[in-house]
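Taking it in order: structure first as structure tokens, then the write-up.
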Amino acid sequence: MSARRAVRSATAADDEQAERAARSRVNRAKIALGERGAPWWEQSEEERRHRWEEGLKSLDAEDTED
């Protein structure tokens, strides 16, 4: 949800660069959750867990950079 809030804030501030970065985060979160990319129901439990963990690592690493 923090990425979605960042999209709203960037849009309100008319900051195109921040908006692109926030939308990229939203996309990565949706991929990690199985909303985009390979359907979660077509993956094994191990594949889903790996996708979740890698997605969270990516998002967490970005949070520590800010």
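All residue numbers in this chain count up from 1 along the given sequence.
Scanning for side chain to side chain donor-acceptor pair (under 3.5 Å) contacts around Arg36 gives Asn27, with sequence neighbours left out. The side chain to side chain donor-acceptor pair (under 3.5 Å) search around Gln43 returns Arg51, not counting sequence neighbours. Annotation: side chain to side chain contact (heavy atoms under 4.5 Å, CB included) contacts of Gln17 (sequence neighbours excluded): Asp15, Arg20.
Cluster partners of Trp40, using a side-chain heavy-atom cutoff of under 4.5 Å among ILVMFWY residues and allowing indirect links, are Trp41. Summarising the hydrophobic clusters (Ile, Leu, Val, Met, Phe, Trp, Tyr; side-chain heavy atoms under 4.5 Å, direct or chained), the residues clustered with Met1 are none.
Atom CZ of Arg23 sits about 7.5 Å away from atom CZ of Arg4, to the nearest 0.5 Å. Atoms CZ and OG, from Arg25 and Ser58 in turn, are 8.5 Å apart once rounded to the nearest 0.5 Å.
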Distance-only donor-acceptor pairs under 3.5 Å for side chains of residues 7-14, two or more places apart:
| residue | atom | partner | partner atom | Å |
| --- | --- | --- | --- | --- |
| Ser9 | OG | Arg5 | O | 3.2 |
| Thr11 | OG1 | Val7 | O | 2.8 |

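Of all non-hydrogen atoms in Ala3 and Ala22, the two that sit nearest each other are O-CB, 3.9 Å. In plain terms, the two heavy atoms of Gly55 and Ala32 that are nearest each other are CA-CB, 3.7 Å.
Ionic pairing of Lys57 and Glu54 is present here: one or more N-O contacts between side-chain nitrogen and carboxylate oxygen are shorter than 4.0 angstrom.
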